[in-house]
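Remarks on the structure that follows.
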Number of protein chains: 4
Amino acid sequence: MKERTPKYDQRYLAAVDAAAAVFAEKGYHAAGTIDIAERLNIKQGSLYYYFRSKEAALEAVCLEGIRHQISYLQSVMDGENSFAEAIQKLVIYTLSSLEERSDYMIVFDRHRQVIPLEKRGNIRDQSNTYHKLLEDMFEQACQKGELKPGQDIHISVRAFTGLLSSASSWYQMKQSIDLKVVAKQYSDVFLFGSCAV
Amino acid sequence: MKERTPKYDQRYLAAVDAAAAVFAEKGYHAAGTIDIAERLNIKQGSLYYYFRSKEAALEAVCLEGIRHQISYLQSVMDGENSFAEAIQKLVIYTLSSLEERSDYMIVFDRHRQVIPLEKRGNIRDQSNTYHKLLEDMFEQACQKGELKPGQDIHISVRAFTGLLSSASSWYQMKQSIDLKVVAKQYSDVFLFGSCAV
Amino acid sequence: MKERTPKYDQRYLAAVDAAAAVFAEKGYHAAGTIDIAERLNIKQGSLYYYFRSKEAALEAVCLEGIRHQISYLQSVMDGENSFAEAIQKLVIYTLSSLEERSDYMIVFDRHRQVIPLEKRGNIRDQSNTYHKLLEDMFEQACQKGELKPGQDIHISVRAFTGLLSSASSWYQMKQSIDLKVVAKQYSDVFLFGSCAV
Amino acid sequence: MKERTPKYDQRYLAAVDAAAAVFAEKGYHAAGTIDIAERLNIKQGSLYYYFRSKEAALEAVCLEGIRHQISYLQSVMDGENSFAEAIQKLVIYTLSSLEERSDYMIVFDRHRQVIPLEKRGNIRDQSNTYHKLLEDMFEQACQKGELKPGQDIHISVRAFTGLLSSASSWYQMKQSIDLKVVAKQYSDVFLFGSCAV
DNA sequence: TATGAATGAGATTTCATTCAT
DNA sequence: AATGAATGAAATCTCATTCAT
């Protein structure tokens, strides 16, 4: 919508941040553009200087949200990690994202689908990228013999993301428990199962 | 709201069904009372003979949705199942619920929290009941030595429900793979983990 | 938008009427939906019971406006009129429409083109019908030798409608002059010209 | 608003031109100041160096539009033309104006009345001048016996301008027919009528 | 039980305009 | 002369809800 000068970027990012916070707190539909504006200390109409529409604001939040996840995942894959280590790091990162960037996580998780299919291209692209990377990671682990044989990789990936998102729901009712303990157990369930023997 | 004559029950359930379908498809906020009415072939205003308000319709859907889960969970616990068997049955039941009653599952999963805390009593009660039952089940399994030692039961339960809900997201983009195969793998991940050795 | 019961028709027509009046007075864009509502003694939002949108109201006005012109033109063509008589009757009818239904005439004349091309189908259809009828009439007159030879019929028709619309602009600054005198002169100009000899 | 240095004049005229184009295309109300600015490759706010307001831009366009018509009409009257010749020249000039300056013609024709009566002084003055000149011309023709007797001159003038404006509507849907042929027929209708005998 | 008609409060969006830089 | 940022007022439209019939 605008070329990005550094100064503009700063304000724009603040706008995205405000949108994330408001959407996370109230939910996309229940949130009003006026809430976002107020949080930015500007008037409602001025929001449209940053976003073409409320929906565009949501898209911006989602995009910004997933960008971080992708780049961390990328960095984990680039590093020298065993499969088990990688899984643990991703769980930890997800849980700590939930502390530091919870707004973006929640909005992405819960409200992404509000954007109508036709306009979901950008988000879908990013989302696909993320899943593709994960699948690559599982694939490589499989070839190194780090994964149990005979399991469909797509389902494994999905089971893993399901676990991650259950962590998200956990965050909402979190009783202040040590993050690392929780992360350890989550990854252990995924890696080694819950069943004795 | 009304005494339940058989005939009334039938129409009322159709109304709940319609609400579930509409909420699931569009999301609670994006859905209009008019959409529900249209699906019932009645006029917008007439809806108010079935529901005191739109929110009441949501509550009815959620309640109806969880009722099934609870009663199935109850039946599994009453039967003579090992922990592993119980887990498998629950995964299968959830997946097949997603085929047969997906609307209710989706609405409960995604929109339950729209109902303001003050009015969420009924649903919370049911929800608590469900979690409590699950925790009991895990507790018993633990005492029988069927569960790995040293894991926090609350987290295990949550990890399990996270897995279940990942199945929900799977359902939405399902590539028609045999339900039992999928269920097997999902439970295997939970029970035995993904990691070789 | 609604099935037409007689009672509904009456109210609906009143709504179209109000829209016509407001659009004619202020112009489509300068007019607010609230103005129309006020004229109907209902609240702004209630307008949308009758019209899907402000634009739909405009379309309704235009359609209603041209309907009368077409049916009168049709009746003139069905009667036994010489070309000169027909022209005169049409001029008179147009001028008196301007007294009795000026709102519709003005709106059709000035604001029809606000409706975007894609949605102008209905109006264009009616408009084409009107022009087609006129062309038929001129064609027949031509064959009976009532028209000067060597003139392109399309241009003649257009010159005639131009004259009619100049009558419309006349109406706006009308000084109370006898309608029949004016109509006579207008048709005379068209039929016999302004130039001596 | 500014003293007119040659350079300023040039830019100013470009601005008027842009406004004319935009108003003609979208209509005054539907057109935004931003559209005009974009066409000039400047930013919205910068427009206000050329026009005090959007309305002032419209006024400028109208004034510029009619200036040409008046000066041509003046020149025709100053020359030695019979009434029939004068009419023909005016029709031709109008039609070719529609090719070369259609924006100004259209805007003047359709949107002049947007300017509120209080502020319409300038335009009205010019408009009156134009009509007055035409009436003078007809009056003189009448005295020379070039006009049919017994016709009200005001109506004749108006019938003539109606014809001219019908040419305008013709222009919009023009099927590219030779301008002179069209002009000939338009003036013939006005001068000699359409009716045989 | 059902509906037609209306309401009213609020939501998003648009846009001419201003002004410091 | 130009712009980036913001404003504020208004405008259209939506929608859950009500109620007389």
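In what follows, every chain begins at residue 1, and chains take the letters A, B, ... in the order their sequences are listed.
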**Item:** Charged tip of B/Lys54 within 45° of B/Tyr48 ring normal and under 6.0 Å
**Value:** no
**Asked** Where the side chain of C/Tyr50 is defined as all heavy atoms beyond and including C-beta, which of F/dA2, E/dT12, E/dA5 is the nearest nucleotide?
**Response** E/dA5
**Prompt:** Taking NZ, NE, NH1 and NH2 as the nitrogens, is one of them in C/Glu59 or C/Lys119 under 4.0 Å from a carboxylate oxygen of the other?
**Reply:** no
**Asked** Taking for each residue the nucleotide of DNA chain E with the nearest heavy atom, is it D/Ser46 or B/Gly45 whose nucleotide lies nearer the 5' end?
**Response** B/Gly45
**Item:** Side-chain heavy atoms of C/Phe108 within contact of C/Ile66, under 4.5 Å
**Value:** yes
**Item:** Test item: B/Arg39 and B/Glu25 side chains (from C-beta on) under 4.5 Å apart, heavy atoms
**Value:** yes
**Fill in**
Given the options C/Ile36, C/Ile34, C/Leu40, C/Glu38 meets side chain to side chain contact (heavy atoms under 4.5 Å, CB included) only with C/Ile34
**Request:** From the options F/dT12, F/dA5, F/dA1, select the nucleotide whose nearest atom is closest to the side chain of D/Arg11.
**Result:** F/dA1
**Asked** Parallel under 30°, tilted from 30 to 60°, perpendicular over 60°: which one fits the rings of B/His29 and A/His29?
**Response** parallel
**Request:** Ignoring hydrogens and angles, answer whether the base of F/dC15 and the side-chain atoms of B/Gln44 contain a donor-acceptor pair closer than 3.5 Å.
**Result:** no
**Separation of F/dA11 P from C/Leu58 CG (nearest whole Å)** = 17 Å
**Request:** Could you walk me through whether B/Asp35 and B/Phe23 pass the side-chain contact (heavy atoms from CB on, under 4.5 Å) test, one step at a time?
**Result:** CA-CA 9 Å; B/Asp35 300 317; B/Phe23 291 155; over 6 Å; no
**Message:** Side chain of A/Tyr48, heavy atoms from C-beta onward: which of F/dT17, F/dT12, E/dT14 has the nearest atom to it?
**Reply:** E/dT14
**Request:** Quickly work out the A/Ile42 CD1 to F/dT7 P distance and round it to whole Å.
**Result:** 6 Å
**Message:** Using every non-hydrogen atom in the two residues, find where A/Tyr12 and A/Tyr50 come nearest and quote the distance to one decimal.
**Reply:** CE1-O, 3.9 Å
**Message:** In this structure, how many angstroms lie between the P atom of F/dG4 and the CG atom of D/Leu47, rounded?
**Reply:** 14 Å
**Complete:** Residues in residues 18-39 of chain B with a heavy atom under 4.0 Å of DNA chain E, by number, are none
**Request:** Send over the distance from C/Lys54 NZ to E/dT14 C1', rounded to a whole Å.
**Result:** 12 Å
**Prompt:** Given pairs defined as Watson-Crick or G-U wobble with both distances under 3.5 Å, what dot-bracket annotation applies to DNA chain E, with ( ) intrastrand, [ ] crossing, | other strand and . unpaired?
**Reply:** .||||||||||||||||||||
**Message:** When you measure only distances, ignoring hydrogens and angles, does the side chain of C/Tyr49 come within 3.5 Å of the base of E/dA6 through a donor and an acceptor?
**Reply:** no
**Message:** Rounded to whole Å, please give me the gap between CG in C/Leu40 and C1' in E/dA5.
**Reply:** 13 Å
**Item:** Length of the CZ-P vector between B/Arg52 and F/dT17, whole Å
**Value:** 11 Å
**Asked** Where do D/Val16 and D/Tyr104 land on the side-chain contact (heavy atoms from CB on, under 4.5 Å) test, with the steps shown first?
**Response** CA-CA 10 Å; D/Val16 178; D/Tyr104 289 90; 3.6 Å; yes
**Message:** Assuming nearest nucleotide by heavy-atom distance, tell me which of A/Lys43 and B/Glu55 is located more 5' along DNA chain F.
**Reply:** A/Lys43
